[in-house]
Amino acid sequence: MGKSQKKKSMRRHNPMRVPDSHLPKGLASASSTSTKNEAILPIIQKMEGPDASDRKWACVAVSNLIQNDSSTRRLLQGKNVVGALITRLTDSEDEVVLEAMGALRNLCIDGGYDICAEMYNKNILTVLKTFIPKISNILSQYLEAPKTAPANAQRLVYDFADNVITTLWCLSETSNKALNAINSINLIPFLMSFLASRNKLSIAPVLAAAQCLYVLTDDNDSASVSLKSNAEYISCLLSIAQSPNQPANGKSKDINDHRLITLRVLSSGILRNISPLPQPSAASIVDIDKDITLPLLQPVISSVKLPEIASRAQQLVDGLIEKMSLKNTPKSDHKSSSEVELEQLEANLRTVQLALEILTGVCATLPDPSAGIEGETEIEDEDEDMADDDEVIDETNIEDSGHNNYSANPTVLPSLVPSLLSLIQPTSLSFPPLATSSIHPPTTTALSAIHISAMECLNNIFLSLATSPSPTVSADAEGGRKVWNEVWASLGVVGTELGLGQERRKEMWEIGVGVLWGLALVWKGTLSATEEQIQVLIRYCDGASDEITKVKCIGALECLAQYPHSITSNQVIANYLLTLLPTPSSPSPADVESLIQAVSALIDIYSDETLPYDINFRQGDMLQTLVASVENVRKAVKRIDRKKPGGKDLRRRGEEIRDNLVAFIQYRRNLGLQN
C-alpha cells in the first residue's frame, strides 16, 4: 500500500523578525504605541522631494525608524512607504537607489509576509530584474581587475548585491506566483557566481546568495534541476560543506567566524534540497546525511547555550536603554558595540535554527507500510491496522521537510535527543510578554524559532521510532521517562496563556503534543503520566481548534491509558473518550476525525481483557455505551465527503474503524458469554 501525505504549506524560512501581532489590527493601535508619529510625514515628503540628499536621507531614516519597532513600521506602511521606496529604485542618483534598496531589504526581513506581498503586488520584481545583469557585470570587473573597476564597485558588489539578493529570497516565499516569477529570472548562475568567488569576496553577499539558493531549492523543482544539472555547482557546494572554515577574501583572521559556519550549514541544506544527486558522478556516491549533514550540524546544535545568550542579550539591551535615557538624544546612524554584539548573537541563533530546520528533514521518516505500530488489537486484520496507523502518522504528524525518501537510521537519531531537549527549554527572552512586544524582538523571534524547530525534530524522531521500533530504545524505559519529563517541563514554561502576539507559544504546544504522542507510542505500556498531565491533555484537546491537534491528544491519551499499573488513569482517559462518542439520540460532540480516533483508541485500549485495567471496561458498562454508538458512528462515517482534500483516505479509515468497532463488540460479547 502506498503512502499518502498531505500537501505541506510553504515553509517560511523568513519568519517575521520584528512581529506586530501583539497589536490589534489597524493604524490606531500602532499610532498609540509609536513614539515616532511626528517623524513619519516629513520622511515621506523628503523621499519624494527634488533634492537628492533629502531623498537619500529619507531612505536611511526609514531603516532607522523601523529598527525593532513594529508600530512605526505599520504606520509607515499606512503612508505607502513601500511604494515610495520602490519608486526610488529608479532614482537618477545611485546613492538614493542604494539606500532605498537597503530600506526595502530591512522591511522584508523585519516585516515578513505582509510587506513582501505588498512589494510583489507593487511590481518590485520588474525593477529588481534589471539589477541582476548590472551587478553581474560589476562583479566580473571587480574580480578580474579590482583596481580598474568603477569607484563604487565594492559597494555595489557587497552592500547592494546583499540587499537585492536578500529581498529576492524573502519575496520567493510570498506566494507561488512570486516564486514562479523569480524562477523565470533564472537566478541560479547569478547566485552561484558569488559562491564560486567566495575567497575573493566579503562574506556578506556570499552568505546572502547561499541563503537565497537554500530557499529557492526547497521543494522547487525549477531551481533544483537548474542547480543539480551543473557538475561545477555541485562540486562547489560540496567543497564548502566539507571544508574547514576558510576566511573569505583573506581578511578574516578568525576561522571560527560564525558566518563561515553558517555558509557551510547552508551548503549542506542546499545539497539536501537537491538530493539525490545525478548519477554517474563522484558526488552521487556521497551520502549527504551521513557524511555531511549530521557530522556538520550536530556540533552546531550541541555547542550553543541558550540561557547564556539570553542573559547576555538582556544585559546589552538594558545597557542601551540606560544610555538612551541618559543622553535623551535621537538614535545615531552609527551602531554601538552593544548593537553590533546583539546582531552577532542573533546571527549565531539563526545559524542554530537553520541547522535544526535541516535536521528536521533528517529526522523525518515516513512509515513503512510493511510494519505497523506495536500493539495491534487481536481482532483487527493486520492489513487494516497497518493502513490505519500509516494514515494517522503520515498525514497528521510527520513535520514534512520535503525529503521523505530518506530512511533515517534509528540508532543514530537518539544521539541528537540530549541536545534537542536542551534547545526546547525556554529562556527569559524566548517569548514576548502578554499583550506587548519583547524588549528585543529579533532575539526573541530567533529563540522561539529554535525551540519550535527543536520540537519538530523530536516529533519526527519519536514518530519514526514508533513506526520502525528500535528494541534498544524501547527497552530504555528510564530514558523514555526522562525525555517525557523534559518535554513537559518545556511546555510548562511555555504556558497556556495564549492571545495576541503569542502565536509561537501556540505552535510549541501544537508540535509538543505530537512529541508526547510519539513518546507514548515508543514506550507504550511502560510510560505513565501524572493526573495533572492527563487533565492538561484533555483540556487542551477540548480547546484545540484544529482536528490534527485533537487527534494527537487522543492518540497520546490512548497510549497512556495502556499503562497496566494505573487503573485510575485508565478510567479517567476512557471516560473522556466515551464522552466523544455519539448516543442514539445525539451525534458526537467531536468532529469525525476525532471521533474515529476515539473509537479506535477505545478498541485498542481494551483489546486485551487480561490486563488489570480491563476492570474499568466491565464495571463501567462500556460495552453498552459502544453498542449504543454504532448507528451514529456509521452515519458520521457515511457523511465524510470523499471529494474534499483527504476525504477519500479519511472515509476509508472511518469504514475500517467502523467495521472494527462491530467486530470488537461481538468479541467482547462472546467473552461475556464464556464467563
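Everything quoted here is computed from the prediction, not taken from an experiment. Values below: all heavy atoms of this structure, side chains included; hydrogens, waters and symmetry mates excluded.
Between the SG atom of Cys559 and the CG atom of Asp604 there is a distance of 7.5 Å, given to the nearest 0.5 Å. Between the CD atom of Gln344 and the CG atom of Leu316 there is a distance of 10.0 Å, given to the nearest 0.5 Å. Here the straight-line distance linking atom CD1 of Ile538 with atom CD1 of Ile534 works out to 7.0 Å at 0.5 Å rounding. Here CD1 of Ile461 is found 10.0 Å from CG of Leu519. Values are rounded to the nearest 0.5 Å. Atom OG of Ser629 and atom CE of Met622 lie 13.0 Å apart (nearest 0.5 Å). Atom CG of Leu458 is separated from atom CG of Leu416 by 9.0 Å, given to the nearest 0.5 angstrom.
The side chain to side chain contact (heavy atoms under 4.5 Å, CB included) search around Glu531 returns none, not counting sequence neighbours. With sequence neighbours excluded, the residues forming a side chain to side chain contact (heavy atoms under 4.5 Å, CB included) with Asn106 are Ser63, Ile66, listed by chain and number. Contacts of Ala355 classified as side chain to side chain contact (heavy atoms under 4.5 Å, CB included), with partners at least two apart in sequence or in another chain: Val265, Leu297, Val300, Ile301. Applying the side chain to side chain donor-acceptor pair (under 3.5 Å) test to Tyr576 and every residue at least two apart in sequence or in another chain returns Asp542. Residues meeting the salt bridge (charged side-chain N to carboxylate O under 4.0 Å, His left out) test with Lys506, sequence neighbours left out: Glu510. Legend: residues meeting salt bridge (charged side-chain N to carboxylate O under 4.0 Å, His left out) with Asp476, ordered by chain and number and at least two apart, are absent.
A side-chain N or O of Ser430 and one of His451 form a donor-acceptor pair less than 3.5 Å apart. A donor and an acceptor atom, one from each side chain of Ser528 and Arg481, are located under 3.5 Å apart. Using modelled atom types and a 3.5 Å distance limit, the side chains of Thr262 and Thr351 yield a donor-acceptor pair. Side-chain contact annotation: Arg350 with Gln353, donor-acceptor N/O pair under 3.5 Å absent. No side-chain N or O of Ser594 forms a donor-acceptor pair with one of Asp591 less than 3.5 Å apart. For the 3.5 Å distance criterion, the side chains of Asp608 and Gln562 fail to qualify, holding no donor opposite an acceptor.
Phe664 and Leu602 get closest at one heavy-atom pair: CZ-O, 4.5 Å. Residues Thr174 and Cys116 come closest through the heavy atom pair OG1-CB, 3.3 Å. Taking both residues in full, the closest heavy atoms of Met508 and Leu491 are given as O-CD2, 3.8 Å, listed atom of the first, atom of the second, then distance.
Formation of a donor-acceptor pair under 3.5 Å by the Asn570 side chain with backbone atoms of Ser566 is not found in this model. Using a distance-only test at 3.5 Å, with no hydrogens or angles considered, no donor-acceptor pair links the side chain of Arg653 to the main chain of Glu593. Looking only at distances, a side-chain donor or acceptor of Thr445 sits under 3.5 Å from a matching main-chain atom of Pro442. Formation of a donor-acceptor pair under 3.5 Å by the Ser453 side chain with backbone atoms of Leu356 is not found in this model. A donor-acceptor pair is defined here as one N or O able to donate and one able to accept, closer than 3.5 Å; no such pair exists between the side chain of Glu343 and the backbone of Glu339. Using a distance-only test at 3.5 Å, with no hydrogens or angles considered, a donor-acceptor pair links the side chain of Gln298 to the main chain of Ser415. Looking at Trp509, its side chain does come within 3.5 Å of a backbone N or O of Gly495 through a donor-acceptor pair. A side-chain donor-acceptor contact under 3.5 Å links Thr467 to the backbone of Leu463. Judged by distance alone, with hydrogens and angles left aside, the side-chain atoms of Ser172 form a donor-acceptor pair with the main-chain N or O of Trp169 at under 3.5 Å. The main-chain N or O of Ala313 is never found under 3.5 Å from a side-chain atom of Glu341 such that the two would form a donor-acceptor pair.
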Original post:
Can you list the steps and then say if Ile309 with Arg312 is a side chain to side chain contact (heavy atoms under 4.5 Å, CB included)?
Top reply: CA-CA 5 Å; Ile309 291 178; Arg312 181 57 183 158; 5.8 Å; no
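A heavy-atom distance below 4.5 Å is found between the side chains of Glu173 and Val215. At least one side-chain heavy atom of Tyr606 sits under 4.5 Å from a side-chain heavy atom of Asp614. Counting heavy atoms from C-beta outward, Ile596 and Ile640 have side chains that approach closer than 4.5 Å.
By the 4.0 Å N-to-carboxylate-O rule, Arg652 lies close enough to Glu656 to be salt-bridged with it. Checked for salt-bridge contact, Glu486 and Lys482 miss the test: no charged N lies under 4.0 Å from a carboxylate O.
Between Phe462 and Trp523, the ring planes are tilted. Angles from 30° to 60° get that label.
Of the candidates Glu503, Glu507, Arg504, Arg505, Arg504 is the only one forming a side chain to side chain contact (heavy atoms under 4.5 Å, CB included) with Ser448.
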